[in-house]
Amino acid sequence: MNKDSLKDRVEDILSQLTLEEKIGMIHGNGLFRTEGVKRLNIPPIKMSDGPMGVRAEFKNDEWMNIGNSDDYVTYLPSNMAIASTWNREKAKESGEVLGEEARGRGKDMILAPGINIVRSPLCGRNFEYMSEDPCLISEMCVPLIEGIQESDVSACVKHFAVNTQETMRLEVESIVDDQALNEIYYPGFKAAVQKAHTHGVMGAYNLLKGENCCQSKYLLSDVLRDQWGFDGIAVSDWGGVHDTKKVAESGLDIEMSVTYNFDEYFMAQPLLEAVKKGEIKEEVIDEKVRHILATMYRLHMLDGGRKSGCYNTPEHRAKVLETASEAVVLLKNEEEILPLNSEKLDELLVIGDNAERIHSNGGGSAEIKALYEISPLMGLKSQLGGNTEVVYTRGYNALKKDMNKELNWQETSLEEGNADAKDRDKNDESVKVESKRLREEAVELAKKMKQVVLFIGLNHDYDVEGLDKKDMKLPYEQDELVKSVLAVNKNTIIVVMAGAPVEMGEWIDQAKAVVWSSYIGMEGGNAITNVLLGKVNPSGKLPVTFPKTYLDCPAHCVGDFGGEKVADHKEGIFVGYRYYDTFNVEPQFCFGYGLSYTTFAYENLELKKKKDVPTKVLVSFDIRNTGDRAGAEVAQIYVANPQCTQKRPKKELKGFEKVYLEPGQAKRVVIELEENAFSYYSMSESKFVTEESEFQIMVGSSSRDIQLEGMLQL
């Protein structure tokens, strides 16, 4: 349908709607739906969390699961896990699964993906987000959104904007300068709008420039619509609206909340009364309804021929396994003790609560009812079979989530914190005694067993919506467990499962092999087992820097994090590796880092401007697999302007490509850099500028493993 035809149809329907009917379309009339207009065959918009799968069905007016058996779904890798693949195709496939399942469950909008900048390792929702880097976010969120929307379902990219902490999330104001906004915090959202053409954008809880983001005229009208050209639906976060007049005159289209008094929402009866009194013009409501109707047409909700979707298919599960396997990151592998040789593995000791814990049912609005979830313990046992005796012991005392609670935590989510995780740091004498017993039991077994795999990390008591962490330390006395086990079995393999970086300083030098993954979905246990046994050569790379301690992080040592009134982003553009690399702060593991069971060589760098567009640059080089296993390498392009008149980062990611190679095989890689790879946002000119200069272009395996360098005059 062309734009003129779409506009005519929208205006025709709009002219037939009463004021009351329009009002019903722009606010929640259920916890996850709006009101439709039956007489004109306009359906409600049905929404669902979340980024890792379509959420369980709730009652329309109560935070209680309906409890049927028809809402079990495919559990997908988290957004951070997807970003860890550095593979645009896997992002697209994850979007396709999520979109098909959302449509298969009868949803019109899936509240995903989350693309806020991972500013601090302490943010409770980091696992829902992708990266600390705007380039990686932009490149991965676009195919993810495109995949979702192929099934006539709207993505809803969130949370716009600068939602970087959970502490006092409804009240805190993010203080950020315009350069950081435009270079760090906006690019992912801009790409979602202008490249992926997302149909939905969700506002954030926090304030920016003195306005609540969900009712900010600056954000939702000036930036999102006027500057970027967004013409889809802007939705509030649940409970993010606070003022009828402000939200009416902003670019927000639909108000949602966690309470059941739907007629009392700010864009419900109060707005209706304000219009009737002449305090607010009806035209502002018309514009919101236009966005809703136009999006409904794009999703074929009004003209027939809509895709039906599907869920829980074998094809979906296969895609999840492939993505999960590429999301696993090998951090350390001294003496090449990985992969394990299953044919020579008579016995195996598996330690750790995370070896058998189920993660799909936690995290806040990311929780789902997974059709199943393969734990690492199950993955190891099922793949090793009966010739290997697998012995399991918990090792540490982690509290289990109460799954028998009738009401969901979101019942009180507009209050501070997350009630489901409030006791996570409970450490009374009985807990300590049990922890000591479990640790001693694990150590005694580790003395006797030749091969040990120790699963540690976090769970959704710590990686959770509504609460930030107090530090990066492993909970449940896990550091003591790791040190004790390594002391008696030096070949113990450490597997860290967490949605954010954790401290490793107490034991990392003693560990020979360390593997990391975020929450990687229903096939996660099989994916990790595939890597440990060498069935899959690890190819994941870190999408965030792992600092040695959170105090090294610029959000803490330069800016403010966790404040109750303001979060002053004083570090500006120096977020993540931009800070560590520029100011020579040694991380535990750098951005973009990840090992393989094979090795790669970079050769023959060539830099040249495109003849037809001299502001575009072609970066060409060869990658060769110099080992004896097939594998994949993520080649990363970093750019710097050493002569820039402004203080700039030492390097910035501007492109990447994942390359699959057989042993001995080489491939020529060509990556095109647009002009924006060489520009920066000028505060004085209020726009992006490109200085005439000699730029440094670096090609490498991570931000700190640069293999090739060249200079190019622009």
Side-chain angles (χ1 to χ4, degrees), residues 83-87 89-90 136 322 324-344 491 493-496 504 508-509 511-517 527-543 545-546 577 581 586-606 619-638 651 653 655-671 697-710:
S84 299
T85 70
W86 291 63
N87 187 333
E89 292 181 6
K90 296 307 170 192
L136 181 57
E322 291 174 5
S325 296
E326 288 201 27
V328 177
V329 184
L330 180 62
L331 297 178
K332 197 172 181 183
N333 192 23
E334 292 181 356
E335 301 176 19
E336 297 184 350
I337 66 172
L338 282 174
L340 298 172
N341 187 337
S342 59
E343 294 181 0
K344 297 181 179 179
N491 290 322
I493 295 161
I494 310 297
V495 180
V496 184
M504 303 180 187
I508 189 65
D509 291 338
K512 292 182 180 179
V514 181
V515 173
W516 178 82
S517 85
I528 290 173
T529 299
N530 285 342
V531 169
L532 295 178
L533 300 183
K535 296 178 180 179
V536 168
N537 192 344
S539 62
K541 300 276 188 175
L542 293 180
T545 304
F546 276 39
Y577 71 91
D581 290 1
E586 189 68 24
Q588 193 69 69
F589 294 103
C590 68
F591 175 79
Y593 175 83
L595 302 176
S596 170
Y597 294 149
T598 189
T599 54
F600 301 95
Y602 289 72
E603 303 166 321
N604 304 321
L605 176 66
E606 182 182 12
V619 182
S620 306
F621 53 94
D622 295 326
I623 296 183
R624 183 181 305 277
N625 183 343
T626 54
D628 57 4
R629 286 175 177 264
E633 169 70 332
V634 179
Q636 302 160 40
I637 310 297
Y638 294 88
K651 64 176 77 76
L653 181 74
F656 61 89
E657 194 67 45
K658 194 163 193 174
V659 184
Y660 296 83
L661 296 167
E662 295 295 323
Q665 184 184 12
K667 284 185 180 179
R668 188 72 174 166
V669 180
V670 180
I671 297 175
I697 298 178
M698 295 159 274
V699 182
S701 183
S702 73
S703 73
R704 295 203 170 196
D705 183 11
I706 301 302
Q707 299 286 318
L708 303 170
E709 294 185 48

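Sequential numbering from 1 along the given sequence is applied to the chain's residues.
In this structure, the side chains of N87 and Y660 come closer than 4.5 Å at one or more pairs of heavy atoms. Annotation: side chain of P538 is not in contact with side chain of V515 (no heavy-atom distance under 4.5 Å). Side-chain contact between Y602 and I623 is present, with heavy atoms from C-beta onward closer than 4.5 Å. Within the 4.5 Å cutoff, side-chain heavy atoms of V619 are placed close to those of L605. Under the 4.5 Å side-chain criterion, counting only non-hydrogen atoms from C-beta, V531 is not in contact with L330. The shortest side-chain heavy-atom distance between I494 and M504 does not fall under the 4.5 Å cut-off.
Taking each heavy atom of A601 and T626 in turn, the nearest pair found is CB-CG2, 3.7 Å. The shortest non-hydrogen separation linking V536 to Y597 is O-CE1, 4.0 Å. Here the closest heavy-atom approach between residue F591 and residue P543 is recorded as CE1-O, 3.1 Å. Nearest heavy atoms, V329 versus G594: CG1-CA, 3.9 Å. Minimum interatomic distance between L338 and A513 (heavy atoms only, all atoms of both residues): CD1-CB, 3.9 Å. A pairwise comparison of heavy atoms in S620 and R668 identifies CB-NH2, 3.4 Å as the closest pair.
Judged purely by distance below 3.5 Å, without hydrogens or angles, the side chains of S703 and Q636 never pair a donor atom with an acceptor atom. Between the side chains of T529 and K535, no donor N or O sits under 3.5 Å from an acceptor N or O.
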(message) Walk me through whether N604 and F621 qualify under side chain to side chain contact (heavy atoms under 4.5 Å, CB included).
(response) CA-CA 5 Å; N604 304 321; F621 53 94; 5.9 Å; no

(request) Would you check, one step at a time, whether the test side chain to side chain contact (heavy atoms under 4.5 Å, CB included) holds for F600 with V659? (result) CA-CA 11 Å; F600 301 95; V659 184; over 6 Å; no

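Of the inter-residue distances, the one linking T598 atom OG1 with D628 atom CG reads 6.0 Å to the nearest 0.5 angstrom. Taking CD from Q707 and OG from S701, the interatomic distance works out to 7.0 Å, rounded to the nearest 0.5 Å. Remark: T545 OG1 to Y577 OH distance equals 8.5 Å, nearest 0.5 Å. Rounding to the nearest 0.5 Å gives a distance of 4.0 Å between CD1 of I637 and CD1 of I671. The CG atom of N625 sits 6.5 Å away from the OG1 atom of T599 when rounded to the nearest 0.5 Å. The CG atom of L661 sits 10.0 Å away from atom OG of S596, with the distance rounded to the nearest 0.5 Å.
Scanning for salt bridge (Lys or Arg N to Asp or Glu O under 4.0 Å) contacts around E586 gives R704, with sequence neighbours left out. Applying the salt bridge (Lys or Arg N to Asp or Glu O under 4.0 Å) criterion to D705, with sequence neighbours excluded, gives no partner residue. Listed by chain and number, the residues in a salt bridge (Lys or Arg N to Asp or Glu O under 4.0 Å) with E603 are R624 (sequence neighbours excluded).
Taking a cutoff of 4.0 Å between a charged side-chain nitrogen and a carboxylate oxygen, K541 and E326 do not qualify as a salt bridge. Salt bridge E709/K651: absent, no basic N to carboxylate O contact under 4.0 Å.
A donor-acceptor pair under 3.5 Å links the side-chain atoms of Y593 to the main chain of L331, judged by distance alone. With hydrogens and angles ignored, the 3.5 Å screen pairs no side-chain donor or acceptor of K658 with any backbone N or O of E89.
F589 has its ring centre no less than 6.0 Å from the ring centre of W516.
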